[in-house]
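Numbers for residues simply follow the sequence, beginning at 1. Everything quoted here is computed from the prediction, not taken from an experiment.
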Amino acid sequence: MTNKPRPVYLNGEWCDTDTARVSVLDRGYLFGDGVYEVIPAFAGRLFGLDEHMARLSRSLEAIGIAEPLGRDDWQAIFDRLLAGIDAPDAAIYLQVTRGAPEKRDHAWPGDEVSPGVMATVSPIGAIAGGARVITLPDARWARCDIKSINLLPNTMARQQALEQGCDEAVLVRDGLVMEGAATNLFAVINGRLVTAPTGPRILAGITRGLLLDLVRDERLVEVDESFITISALREADEVFLTSSTKDLWPVVEIDGQPVGSGAHSGRAGPVTRQLDQHFQALKHPQRSSR
Ligand code: PDD
C-alpha cells in the first residue's frame, strides 16, 4: 500500500486524505452520530452498488437523517474517486453524519444543519490464507442492523482477536452465534449452509445477501437462515466469513481448534471452495463469459 494521498469528497468540496479537515463540532466526531457504507469495486467496476445504496437509505432513515445527495450525485463522486486511485480493486468508504451544529448537545439539531458527507477510496489488498478466529460475548447495542459509525465494541473485539494472534472475533449472544466483528458468518452443517437471519442482531451484509441469492438461484446447496449455538459452530464441517472487502474468507481455526475433520481439517472445505468459485464469477462476469 502506498502513502500517496487519496482523494476525498468532503461536504461538497474535493480535497485529499492529507488536507481534508472536519469540524470538531461534527456530531460524527462527537457522538458517533452517523452511518456509513463500504462499497467494493473490482477491476474498476462497483459491485453490489444498488444493494449498498439501499442499505445506506435504510440506515439513514433508521436514525432520522435526510438523504443528503441524489443517486446521480453519489455516482459522480464514486466515478471521480475511482479515477483517482491506481489499484485494480478498491473500496469506497462513505459516511453521512448529523452535521456540525453550533454547540455540542445530545438533542438533534434542526433542518438548518446539513448532514456531513464524506467519501474516500482505498485499495483492497489480497487476503492471504484462512482466518483464525476467537469467540467473544457480543457487547454491541440492539440495533446492529443499522450500519452506524459507532463501532467501539467491534473494534475492541477485532483488537482482542489480533492480540491473540487471530484475524477476527466471532460475536456470541446468549449462546448463539451472531456474526464477526466486521463480517457475516456461514457454517456448513450436515450439507446445509447455515447463517444468522437478518434482524436487529446482525448487519444484513451485502456479500451475505448476494451469496444467498446466488446459492438459491443456482441451487448450489440448501440454505437455512437460523441462529446456531456456539457448540454447533465448533462441530461445523466448514465455516467461512463474508464481507465486501474479504469476499468468502474460510475459517480454519476457532479458539485454537481446527475447523472440520479429515482431509479438510483446518483448511477451506469443498462447499466453501465451490461457493467461492461461483462468487468470483459473479464478481468478474467479463472473465467467466470468455
Ligand atoms: N464491514 N457485519 C458487520 C458487523 C460488518 O461491519 C460488515 C462489513 C459485515 C459484512 O457486510 P458487507 O458484506 O456488506 O461488507 C457484516 C465493513 C466492510 C467495514 O466495516 O469495513
Side-chain angles (χ1 to χ4, degrees), residues 5-87 89-102 104-105 107-124 143-151 154 182 198 203-210 243-245:
R6 288 169 279 116
V8 175
Y9 171 90
L10 181 62
N11 298 328
E13 314 263 312
W14 282 92
C15 41
D16 64 43
T17 42
D18 282 354
T19 56
R21 294 287 175 269
V22 291
S23 164
V24 292
L25 290 172
D26 190 283
R27 292 178 62 94
Y29 178 68
L30 291 175
F31 296 112
D33 187 356
V35 296
Y36 77 107
E37 276 297 324
V38 176
I39 313 173
F42 302 115
R45 205 176 125 259
L46 286 163
F47 181 70
L49 178 61
D50 290 348
E51 290 81 358
H52 281 279
M53 296 315 283
R55 186 173 64 188
L56 174 66
S57 296
R58 292 200 302 276
S59 296
L60 286 169
E61 194 182 354
I63 69 164
I65 296 181
E67 296 270 355
L69 296 173
R71 183 65 186 264
D72 291 349
D73 303 319
W74 282 120
Q75 188 63 56
I77 293 169
F78 301 155
D79 290 345
R80 186 156 165 185
L81 287 173
L82 291 176
I85 186 163
D86 188 15
D89 297 338
I92 304 261
Y93 175 85
L94 70 86
Q95 70 170 42
V96 181
T97 70
R98 208 179 303 278
E102 274 172 21
R104 179 182 180 276
D105 186 346
W108 294 358
D111 295 348
E112 70 286 357
V113 174
S114 332
V117 180
M118 188 275 275
T120 187
V121 65
S122 57
I124 298 182
R143 289 302 308 274
C144 300
D145 54 319
I146 300 174
K147 202 161 171 61
S148 158
I149 59 173
N150 226 309
L151 289 172
N154 308 60
T198 55
L203 182 76
I206 303 307
T207 320
R208 173 193 181 282
L210 293 173
S243 87
S244 293
T245 51

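- No side-chain donor-acceptor contact under 3.5 Å links D26 and S23.
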Checklist line | Audit row: L94, V117, side-chain contact (heavy atoms from CB on, under 4.5 Å) steps and yes/no | finding: CA-CA 7 Å; L94 70 86; V117 180; over 6 Å; no

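- Considering CD of E13 and CZ of R21, their distance stands at 14.0 Å, rounded to 0.5 Å.
- In this structure the side chain of H52 reaches within 4.5 angstrom of the side chain of S244, judged on heavy atoms.
- The minimum heavy-atom distance between N11 and P115, with the atom names listed, is OD1-O, 4.1 Å.
- In terms of modelled atom types and a separation under 3.5 Å, the side chain of R6 and the main chain of T17 share no donor-acceptor contact.
- In this structure, the side chains of L56 and Y36 stay at 4.5 Å or more apart for every pair of heavy atoms.
- What you find for A100 and V113 is that their closest heavy atoms are N-CG1, 3.7 Å.
- Remark: the backbone N or O of D105 is paired with a side-chain donor or acceptor of R27 at under 3.5 angstrom.
- For the pair R98 and I63, the minimum side-chain heavy-atom distance is below 4.5 Å.
- Counting heavy-atom neighbours within 6.0 Å of D18 CG, excluding the residue itself, gives a total above 12.
- Looking at F78 and L49, their side chains come closer than 4.5 Å, going by heavy atoms from C-beta outward.
- Between the side chain of D89 and the backbone N or O of P123, no donor-acceptor pair lies under 3.5 Å.
- A heavy-atom distance below 4.5 Å is found between the side chains of Y93 and M118.
- In this structure, L203 CG and S148 OG are separated by 10.5 Å, a value rounded to the nearest 0.5 Å.
- In this structure, P68 and L60 approach most closely via the heavy-atom pair CD-CD1, 3.9 Å.
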Item checked: Worked verdict on V22 versus L10 for side-chain contact (heavy atoms from CB on, under 4.5 Å) -> CA-CA 8 Å; V22 291; L10 181 62; 3.8 Å; yes

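- Here the closest non-hydrogen pair linking A20 and V8 is CB-CG1, 4.1 Å.
- In the displayed structure, Y29 atom OH is contacted under 6.0 Å by at most 12 heavy atoms of other residues, nucleotides or ligands.
- With sequence neighbours left out, E61 forms a side chain to side chain donor-acceptor pair (under 3.5 Å) with no residue at all.
- Two residues are said to be in side-chain contact when any heavy atoms from C-beta on lie closer than 4.5 Å; T120 and I92 fail this criterion.
- Dense packing is recorded around CD of E112, with more than 12 heavy atoms of other residues, nucleotides or ligands lying under 6.0 Å away.
- Annotation for A204 and T198: closest pair CB-CG2, 3.7 Å, computed over non-hydrogen atoms.
- Of the possible polar contacts, none joining the S59 side chain to the I146 backbone as a donor-acceptor pair under 3.5 Å is found.
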Item checked: Verdict with supporting geometry, L210 and F47, side-chain contact (heavy atoms from CB on, under 4.5 Å) -> CA-CA 10 Å; L210 293 173; F47 181 70; 3.7 Å; yes

Next item on the list: With side-chain contact (heavy atoms from CB on, under 4.5 Å) as the test, would you mind laying out the steps for R80 and W14 before giving the verdict?
Entry: CA-CA 10 Å; R80 186 156 165 185; W14 282 92; 3.3 Å; yes

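- Smallest separation of non-hydrogen atoms from L82 and A90: CD2-CB, 4.2 Å.
- Looking at T245, its side chain never comes within 3.5 Å of a backbone N or O of I124 through a donor-acceptor pair.
- For residues 49-59, every residue pair satisfying the salt bridge (charged side-chain N to carboxylate O under 4.0 Å, His left out) rule, not counting sequence neighbours, is listed here: E37-R55, D50-R71.
- Residues L69 and Y9 have side chains in contact (heavy-atom distance under 4.5 Å, counting atoms from C-beta outward).
- Using a 3.5 Å distance cut-off with no hydrogens or angles, the side chains of D33 and T97 do not pair a donor with an acceptor.
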